[in-house]
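Below is one structure, written out as structure tokens, with a few remarks after it.
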Amino acid sequence: MTDQTIDTTDVEDRPTKPALVKGFLCRCPNCGEGKLLHSYLKVNDECSKCGEELFHHRADDGPAYLTILVVGHLLAPALHVSYVHWRPEPLTMFLIFAFGCTALSLFLLPRLKGAVVAYQWARRMHGFGQSK
């Protein structure tokens, strides 16, 4: 049996928390200045400021699942509390929570995609290990 461990002693560490914050702000996880997204959800191939390659990401459905998780955990208790305390009309309650769910989802989706891409960058996943 051969040793199949990967030698990572010469690779510098990329701090995860600052990268996640930069990614959530839709900025380059490396420099924090260049834009991560060039449209609503399209990731730039490289940072315009530092030249960091960003096309390696494999965000796929992760940001959508995280958005559903966060929005559901925020609005489900709010729905319960508002129903128990104020008993609004069903149509009023539907309109308020439908608008709130849509607005919160549209706000969070690109930010969570940026955080997922930044996490992959910080952990050197999917080809980010070979980039600068």
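For the atom pair Leu37 CG and Arg111 CZ, the distance stands at 9.5 Å (nearest 0.5 Å). Taken to the nearest 0.5 Å, the NE2 atom of His73 stands 12.5 Å off from the CD1 atom of Ile68. Between the NE2 atom in His56 and the CD atom in Glu46 there is a gap of 10.5 Å [rounded to 0.5 Å]. Summarising the geometry, atom SG belonging to Cys31 is positioned 8.0 Å from atom NZ belonging to Lys49; distances are rounded to the nearest 0.5 Å. For the atom pair Arg27 CZ and Lys35 NZ, the distance stands at 6.5 Å (nearest 0.5 Å). A distance of 4.5 Å separates CG of Leu41 from CG of Leu109, quoted to the nearest 0.5 Å.
Listed here is the closest heavy atom pair of Gln120 and His57: OE1-CA, 3.3 Å. A pairwise comparison of heavy atoms in Leu54 and Cys47 identifies CD1-N, 4.0 Å as the closest pair. For the residue pair Cys26 and Pro110, the shortest heavy atom distance occurs at SG-O, 3.8 Å.
For Tyr119 (side chain) and Gly23 (main-chain N/O), no donor-acceptor pair under 3.5 Å exists by modelled atom type. Judged purely by atom type and a 3.5 angstrom limit, Arg14 uses its side chain to pair as donor or acceptor with the backbone of Trp121.
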Taking it one step at a time, do Leu36 and Lys22 satisfy side chain to side chain contact (heavy atoms under 4.5 Å, CB included)?
CA-CA 9 Å; Leu36 185 63; Lys22 292 173 190 174; over 6 Å; no
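Open room surrounds CZ on Phe99; 12 or fewer heavy atoms of other groups in view lie less than 6.0 Å from it.
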Side-chain donor-acceptor pairs under 3.5 Å in residues 75-90, sequence neighbours left out?
{"unit_1": "Ser82", "atom_1": "OG", "unit_2": "Ala78", "atom_2": "O", "d": "3.1"}
{"unit_1": "Ser82", "atom_1": "OG", "unit_2": "Leu79", "atom_2": "O", "d": "3.0"}
{"unit_1": "Tyr83", "atom_1": "OH", "unit_2": "Arg87", "atom_2": "NH1", "d": "2.9"}

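Considering only residues two or more places apart in sequence or on other chains, Leu108 meets the side chain to side chain contact (heavy atoms under 4.5 Å, CB included) condition with Phe24, Thr67, Val70, Val71, Leu104, Leu112.
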